[in-house]
There are 2 protein chains.
Amino acid sequence: MSTGTCPPSVGRPRAFDMEKALEKALEVFWKKGYDGASLSDLTEAMGINKPSLYAAFGNKEQLFLKAIELYENRPCAFFYPALQQPTAYLVVEHMLFGAATSMADTSHPHGCVVVQGALSCSEAAATVKAALIARRRDGELALRARLEQAREQGDLPADVDTTILARYLGTVLQGMAIQATNGATPEELKQVAQLTLDNFPRR
Amino acid sequence: MSTGTCPPSVGRPRAFDMEKALEKALEVFWKKGYDGASLSDLTEAMGINKPSLYAAFGNKEQLFLKAIELYENRPCAFFYPALQQPTAYLVVEHMLFGAATSMADTSHPHGCVVVQGALSCSEAAATVKAALIARRRDGELALRARLEQAREQGDLPADVDTTILARYLGTVLQGMAIQATNGATPEELKQVAQLTLDNFPRR
DNA sequence: TTAATTTTGTACCGATGAGTAAATATATAG
DNA sequence: CTATATATTTACTCATCGGTACAAAATTAA
């Protein structure tokens, strides 16, 4: 039962690049959301037709989930890599400015697909909505753990409540996604990032 | 040309309360978003059938816009009333805690329909998306004007950039809407509000 | 060459989307 | 009572929705 991503050795070879197609699907979901993205939108952008899409990715829901996975693992992703920074301040600085840069980048849709992919949505999107909420919570928990580690190492004041601080930072980051869809420029988002950083508790 | 909301004196009287029906429509749009809310969802919640909806409200798009208008004028709206507070600090305090209370209130859908009603959406929703963006920007501009007035009155430090501060506060408020759809409790949102307020520049 | 296997293109499925035509019901004006 | 005006109900329109059946095409294994 080798259900991996490796292509089978026998049979007609796939005529398109799954990764490229998934990237295109991600852009559609990012721009239009799960409910707003139709299969026609998707197949057109991906350059394939429906049977190919279903054979390769399952269905619309699974395609969305795979697109989200790609989103968080792409080179321009900013959240998890920022956690590797050596100090809490640098972690947050990288995170906030990475968000400002990425979310207003005009080479792809504005904002963050994890925030806006299925926020208010139909019942058909309930599964993907739950998956996105879980991703947002996981991110917040990972940030909290990183801040807690910093606090224990004396890198943050001992009286800081890292749960609240992580939730606050998640709130600002998620708000920046909305600002980006409002049309905020990278500079405007960076001003928000800087103001947030100015208030960040230092050792 | 009296195209007001006053009912005509002749003809069969309307059998439903337009305001009540609009309130129900608002709840549906709030929960499901513009794309995710079907006319069946709407007519079922409103307790009327489609021709009545179209006769009374025009079409889905106009119904949405009227629902948004109702949303901002309802008694539990917190944004514009907060601007009436006598000091910048009190304005922001009322705004943040009003948001924390309202957005996690379980008597209606979580979050804010102006934020999440049409964030990522289909082309059919382009008009309402633009309308929501305009509302968010208007709110931010009104807050900026209030902060600027406070600054001129010496109620805020003279070196405060009210444009950036208003954008930052708008970002936090919009992020709180996302947190609310994540399932954050009123208490959790109030902790974010308090932390934001702790950093607010005082005279 | 033949068999087995997988992808592709076309053409379709039933369900649902937003929106409406037309008949009926209920009111007021004269 | 009659005429007019508006609302309601039912049944419908056409387009699109997500998803699939089927046959042709393209590959490897034997």
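Per chain, numbering begins at 1; letters A, B, ... match sequence-line order. In what follows, every heavy atom counts, from backbone to side chain, and hydrogens, waters and symmetry copies are set aside.
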Give me, pair by pair, the N or O atoms of the protein and of nucleotides 28-30 of chain D that are less than 3.5 Å apart, along with how far apart they are.
none

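DNA chain D lies under 4.0 Å from at least one heavy atom of each of the following residues of residues 25-60 of chain A: A:A37, A:S38, A:L39, A:S40, A:K50, A:P51, A:Y54, A:N59, A:K60.
Residues that satisfy the side chain to side chain donor-acceptor pair (under 3.5 Å) test with B:D105, not counting sequence neighbours, are B:S107. Residues that satisfy the ring pair (Phe, Tyr, Trp, His ring centres under 6.0 Å) test with B:F64, not counting sequence neighbours, are B:F29, B:Y34. Here A:H94 pairs with nothing under the ring pair (Phe, Tyr, Trp, His ring centres under 6.0 Å) rule; sequence neighbours left out.
One cannot find a donor-acceptor pair under 3.5 Å joining the base of C:dT6 and the side-chain atoms of A:R12. In the interface, the side chain of B:R14 is not paired with the base of D:dA7 through any donor and acceptor atom under 3.5 Å apart.
Enclosure of atom NZ in A:K31 is not indicated, since only 12 or fewer non-hydrogen atoms of other residues, nucleotides or ligands lie within 6.0 angstrom. When the shell of 6.0 Å around NZ of A:K32 is examined, it contains more than 12 heavy atoms from other residues, nucleotides or ligands.
Every pair passing salt bridge (Lys or Arg N to Asp or Glu O under 4.0 Å) that includes a residue from residues 125-140 of chain A is listed here, sequence neighbours excluded: A:E72-A:R135.
In this structure, a donor-acceptor pair under 3.5 Å is present between the side chains of B:D35 and B:S122. Between the side chains of A:E69 and A:N73, no donor N or O sits under 3.5 Å from an acceptor N or O.
Positionally, the nearest nucleotide of DNA chain C for A:P13 lies more toward the 5' end than for the other of B:P13 and A:P13.
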